[in-house]
Amino acid sequence: MVEQSLVFIKPDGVKRRLMADIVGRFEKRGFLFKHMELRQLTPEAVDTHYRDHVNQPFYPGLKAFILSGPVLLMVLEGDRCVDTIRQMVGPTDALVAPAGTIRGDLALSKGENVIHASDSPESAQREIAHFFGH
Ligand code: IDP
Ligand code: MG
């Protein structure tokens, strides 16, 4: 089933010049790129995007981190791409992410973990509408 996923490279990945590596992985895997945009997010956009996390103790740090520079937003399309991309990204805590995953190869932290990817087709629809309108 053809799906879309909302993915962004977080400010650590942009600053560490990891964009080409990460984008290259998605290109080589064969996803269709529907949108790609470097964007400085607003505080309101971060609160909306992470609405399920705003009451977590780590949220103030997460918000400051996501606002610390531009993110590279992408909408990717492909057969069952939401799960496939989550597999490529690896688990949240990069310290335990397996080698071969984006986080396992490129990050070491649970907070600064270089990339966001939608966790379900429903989240993807909400996130794409939020960042790119209907
Ligand atoms: P995910 O990005 O793998 O889907 P979520 O649990 O949805 O992970 O958390 C969203 C983001 O919040 C994570 O990618 C990470 O940047 C941050 N985060 C989650 N848990 C922690 C934590 O325990 N400490 C610091 N940051 C965290
Ligand atoms: Mg998540």
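When reading the values below, keep in mind they use all heavy atoms of this one structure, side chains included, and skip hydrogens, waters and symmetry mates. Atoms within each ligand, like the ligands themselves, are counted from 1 in listed order.
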Q. List by chain and number: which residues place a heavy atom under 4.0 Å from ligand 1?
A. K10, Y50, H53, F58, L62, R86, T92, R103, K110, G111, N113
Return yes when atom [atom1] of [X] has more than 12 non-hydrogen atoms of other residues, nucleotides or ligands closer than 6.0 Å, and no otherwise.
X: K15; atom1: NZ; answer: yes
X: L38; atom1: CG; answer: yes
X: R80; atom1: CZ; answer: no

(Q) Taking side-chain contact (heavy atoms from CB on, under 4.5 Å) as the definition, give me every residue that meets it alongside D105, ordered by chain and number, with sequence neighbours left out. (A) R25, A99
Q) Would you say the side-chain atoms of E112 pair up with the backbone N or O of D12, donor to acceptor, closer than 3.5 Å? A) no
Q. Quick one: do D119 and R86 make a salt bridge, cutoff under 4.0 Å?
A. no
